[in-house]
Protein chains: 2
Amino acid sequence: MPRSSTRQHIVEVASDLFYRNGYNRTGINEVIAESGIAKATLYNHFRSKDEICIAYLQYKHEVFVKDIKSYCDARPADGRQVLAIFDFLGAFFQDRDFNGCWCIKTVAEIPREDERIRKEIQKQKNQLIDFIESLLMDIKDVGERRNTARQVYLLYESAVSESHLHQADWPITSAKAIASKIIG
Amino acid sequence: MPRSSTRQHIVEVASDLFYRNGYNRTGINEVIAESGIAKATLYNHFRSKDEICIAYLQYKHEVFVKDIKSYCDARPADGRQVLAIFDFLGAFFQDRDFNGCWCIKTVAEIPREDERIRKEIQKQKNQLIDFIESLLMDIKDVGERRNTARQVYLLYESAVSESHLHQADWPITSAKAIASKIIG
DNA sequence: GACAAAGTAGACAGATTTGTCTACTTTGTC
DNA sequence: GACAAAGTAGACAAATCTGTCTACTTTGTC
């Protein structure tokens, strides 16, 4: 296996485990056992477990952005295109691998002082707000558009966390209904 | 110290540590060191660390319910009384001990299979929805009232998580603005 | 086929974890 | 003051964890 795909393989296996079972509850030994690679190989690619955590967050985000973008792009670019994010989430919720938001999960597990991971997560969330804003180009006023994007973002985030917590999809439909009202 | 207050003392110390530093990252040894009690005493009151976790969640919820109720009760019972929950959160956010939602934090740390803790958290959240509903008695239709309570709940939850994540208060004001629009 | 890069297997150090247990001391009540 | 309940101090078992290291094997390229 070429060097780059070994690294990618580790990230994908670690991502599945971290997301499913939690970062602190997943040991390095579990990652290498599941990957089928040697421990020395893992530490040849990553300096520490923390570095794998960063790679995990980036990988999940990368896939997420790609998927949600292509999902929304398939919808007509009318004023209601942004609502597609809730339908995307609805499909994600049905997936048996759905386990809530990896950012929220991770930030809950790391010490408060860990600025590196917290900044990465804030960056990702800001990119999500930017993406939502890009779907709201019908709103011409820049300030109002940013404001609306933030509101829709809040609803989306809530829908993710709460559908996971309650193990039900009413938070998704409910959040979508509010968003629908907001964008008029 | 009488038996009941020893137990309560342990719960309070453990709650502070769990909430501030995380459940998994807080060891039993830290709890007893901070409490100034002996390990055998702790295990005389609690069967396991998991049991302390349940007691922690219940204690936080108990205090939270008492505080938010008395805060909201001080407002006039007009149709907009429910918005007080966002002001309550605003004050909580200013508090240096604010560290997001203990339920979400805890659910992120425990294994998926741990039904006991998950059920406790769902119970607490349903009580919060009930409380919000009790502030919406102006809405006469039962179904619409429940629906609105859920929507306000989603906004509140989002405001808690996101103000913590972004370390900013715009999620609180933004969520309140949406709630204001919803209740008309 | 030589040679370097990459990967393997797993022992090991050193630290941490929860929970048990023993032997002792304090406290409150009769 | 006797006696039981409650608490203390901390050693200990048994299991975890991350990260390092050694000695060996495979793989790809010239």
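Just so you know, these numbers use all the heavy atoms, side chains as well, and skip hydrogens, waters and symmetry mates.
- Screening Y59(A), Y23(A), F64(A), F18(A) for a ring-ring contact (aromatic ring centres under 6.0 Å, His included) involving W102(A) leaves a single residue, F64(A).
- Ion pairing between R116(A) and D50(A) fails under the 4.0 Å rule for side-chain N and carboxylate O.
- Checked against dA9(C), dG7(D), dC21(C), the side chain of A40(B) finds its nearest nucleotide in dC21(C).
- Taking atom CD1 of residue I37(A) and atom P of nucleotide dA5(C), one finds them 20 Å apart after rounding to whole Å.
- L17(A) has its CG atom 16 Å from the C1' atom of dT18(D), to the nearest Å.
- As a whole-Å value, the separation of I28(A) CD1 from dG10(C) C1' is 16 Å.
- K39(B) places its NZ atom 13 Å from the P atom of dT16(C), with the value rounded to the nearest Å.
- Cation-pi contact between K60(B) and Y19(B): present, with separation from the ring centre below 6.0 Å and deviation from the ring axis of at most 45°.
- Atom pair L42(A):CG and dG19(D):C1' shows a separation of 10 Å (rounding to whole Å applied).
- Between the P atom of dT18(D) and the CZ atom of R25(A) lies a distance of 13 Å, rounded to the nearest Å.
- In this structure, I32(B) atom CD1 and dT18(C) atom P are separated by 10 Å, rounded to whole Å.
- Contact record, I52(B) with A14(B): CG2-CB, 3.7 Å, taken as the closest heavy-atom pair.
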